[in-house]
2 protein chains.
Amino acid sequence: MADSGGHPESEELTLGPILMAIADPLRRHVVAELAREPDGAERNCSSFALPVSKATRTHHFRVLREAGLIRQIDYGNCRKSQLRRAEIETKFPGLLALILANA
Amino acid sequence: MADSGGHPESEELTLGPILMAIADPLRRHVVAELAREPDGAERNCSSFALPVSKATRTHHFRVLREAGLIRQIDYGNCRKSQLRRAEIETKFPGLLALILANA
DNA sequence: CGGCAGGTTTGATATACATCATACCTAACC
DNA sequence: GGTTAGGTATGATGTATATCAAACCTGCCG
């Protein structure tokens with residue numbers, strides 16, 4: 001089961017939703033940006049300058065979260081995103097490198 | 001440009017269409033099956049026992065072909081599919097292993 | 001020749017997806 | 001308190017995608 005924030009557990013990460021998520025160029029861009037940051041880095045949604053409305057942005061970050069690619073931490077009026085790097089690397093070794101190399 | 005059969009050149013392989021293609025479970029299954037075969041193996045579409053109609057099958061194989069994942073060879077009344085293994089492995093190292101490990 | 005099996009094409013349909021505008025929530029700041 | 005900034009929720013819309021049925025093509029086989 002996913003936690004209350006809609007984050008799947010590490011053991012629940014499956015390739016299908018992950019591929020669905022990163023098939024979208026905007027979402028792939030977000031993952032690539034986060035992968036370039038040092039591990040554990042947090043960024044808020046608006047820092048990615050996506051060329052879409054706020055609502056659409058929320059939608060994309062939700063897909064990334066539900067696929068298990070990012071963890072979102074609620075700070076009240078601000079929500080920061082963190083790449084679930086180690087878990088992804090364990091379950092899907094090479095995936096992040098692939099995205100980075102083709103970003 | 002793609003050749004007359006709709007196959008992109010090796011240099012034209014891009015991650016976007018590839019991910020779009022393997023995001024679908026049926027298509028991912030086909031790629032995994034082909035990846036399990038010895039290199040260069042050819043299989044006709046109907047040998048995958050996909051639970052869809054012939055027309056839908058044609059559609060899925062077309063997506064795989066246009067993404068550059070498979071090469072389709074026309075034998076007149078039969079069309080065989082071949083994984084473009086070396087080209088994929090060169091451009092996107094680890095991708096096939098990832099699919100195989102999660103099939 | 002006539003049928004059959006493997007595939008494609010076309011046209012239709014239904015569902016999923018990306019997108020936006022609007023309204024709303026929460027904390028910070030003046 | 002009012003405003004502003006970051007984000008979410010809802011509802012609507014347009015487009016893409018998956019799906020199928022029906023008609024067709026190609027080679028093979030009886």
Side-chain angles (χ1 to χ4, degrees), chain A residues 2-7 14-34 37 41-83, chain B residues 2-7 14-31 33-34 41-83:
Chain A
D3 72 359
S4 55
H7 297 93
T14 51
L15 192 54
I18 298 255
L19 290 177
M20 281 290 291
I22 60 175
D24 183 278
L26 261 57
R27 293 192 292 255
R28 198 160 65 247
H29 171 73
V30 168
V31 172
E33 287 275 299
L34 282 172
E37 301 275 344
E42 297 179 357
R43 285 182 56 174
N44 55 348
C45 303
S46 54
S47 75
F48 294 96
L50 302 181
V52 290
S53 74
K54 288 196 301 179
T56 304
R57 197 161 48 201
T58 297
H59 159 70
H60 284 305
F61 276 87
R62 184 225 283 254
V63 174
L64 287 173
R65 165 169 35 91
E66 294 183 343
L69 284 163
I70 63 172
R71 177 166 283 117
Q72 280 184 298
I73 302 148
D74 197 351
Y75 288 108
N77 67 343
C78 183
R79 182 171 286 199
K80 305 241 181 176
S81 295
Q82 205 177 38
L83 187 64
Chain B
D3 70 359
S4 55
H7 298 93
T14 52
L15 194 53
I18 298 255
L19 291 177
M20 283 288 292
I22 60 176
D24 184 278
L26 262 57
R27 293 192 292 255
R28 198 159 64 247
H29 174 251
V30 169
V31 172
E33 287 275 299
L34 282 172
E42 296 179 357
R43 284 181 57 175
N44 54 347
C45 304
S46 54
S47 75
F48 294 96
L50 303 181
V52 290
S53 73
K54 290 195 300 177
T56 304
R57 199 162 46 201
T58 297
H59 159 70
H60 284 306
F61 277 86
R62 184 226 285 254
V63 174
L64 288 172
R65 167 168 35 92
E66 293 182 343
L69 283 163
I70 64 172
R71 177 166 283 117
Q72 280 184 299
I73 302 148
D74 196 351
Y75 288 108
N77 68 342
C78 182
R79 182 171 287 199
K80 305 240 178 177
S81 295
Q82 206 178 37
L83 187 63

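Chain naming here is simple, since letters A, B, ... match the order of the sequence lines and numbering starts at 1 in each. Worth saying up front: this structure is predicted, and the values here are computed from it rather than measured.
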- prompt: Backbone N or O of A:Gln72 within a donor-acceptor pair of the A:His7 side chain at under 3.5 Å?
  reply: yes
- prompt: Expressed in angstrom and rounded to an integer, what is the separation of A:Asp74 atom CG from D:dA9 atom P?
  reply: 10 Å
Phosphate-side-chain proximity, A:His60 and C:dT19, N/O vs OP1/OP2 below 4.0 Å: yes
message: From CG of B:Leu64 over to P of C:dT8, roughly how many Å is that when rounded to an integer?
response: 12 Å
field: Contact nearer the 5' end of DNA chain C, comparing A:Arg27 with B:Cys78
entry: B:Cys78
task: Without swapping roles, check the side chain of B:Asn44 against the backbone of B:Ser46 for a donor-acceptor pair under 3.5 Å.
output: no
- request: Using only side-chain N and O atoms of A:Ser53, determine if any of them is under 4.0 Å from OP1 or OP2 of C:dA21.
  value: no
field: Side chain of B:Asn44 (C-beta onward), nearest among C:dG7, D:dT10, C:dT10
entry: C:dG7
field: Nucleotide C:dG6, atom P - distance to CD of B:Glu42 in whole Å
entry: 17 Å
- prompt: Could you give the CD-to-P distance, from A:Glu66 to D:dA9, as a whole number of Å?
  reply: 10 Å
query: Where the side chain of B:Gln72 is defined as all heavy atoms beyond and including C-beta, which of C:dT8, D:dT8, C:dG6 is the nearest nucleotide?
result: C:dT8
- request: Look at the side chain of B:Ala55 and decide which nucleotide, out of C:dT10, D:dT17, D:dC28, has an atom nearest to it.
  value: C:dT10
task: Measure from the side-chain heavy atoms of A:Arg79 and tell me the nearest of C:dG6, C:dC17, D:dG7.
output: D:dG7
query: How close or far is atom C1' of D:dA16 from atom CG of A:Asp24, stated in whole angstroms?
result: 13 Å
- request: Describe the nucleic acid contact of B:Thr56 in one word from base, sugar-phosphate, nothing, applying a heavy-atom distance below 4.0 Å.
  value: base
- request: Determine: side-chain N/O of B:Arg57 to OP1/OP2 of D:dA18, distance under 4.0 Å, yes or no.
  value: no
message: Students often get this wrong, so: under 4.0 angstrom with heavy atoms, is B:Thr58 touching a base, only sugar-phosphate, or nothing?
response: base
Distance-only donor-acceptor check, side chains B:Arg71 and B:Gln82, under 3.5 Å: no
- prompt: With respect to B:Glu33, which candidate in B:Arg43, B:Arg27, B:Arg28 satisfies the salt bridge (Lys or Arg N to Asp or Glu O under 4.0 Å) definition?
  reply: B:Arg43
message: Please report the distance, rounded to the nearest Å, between NZ in A:Lys54 and C1' in D:dA5.
response: 8 Å
- prompt: Whole Å only: how far is the CZ atom of B:Arg43 from the C1' atom of C:dG6?
  reply: 15 Å
message: What is the distance, to the nearest angstrom, from the NE2 atom on A:His59 to the C1' atom on D:dG11?
response: 15 Å
message: Just so I know, are the side chains of B:Phe61 and B:Leu50 near enough to count as touching, which here means a heavy-atom distance under 4.5 Å?
response: yes
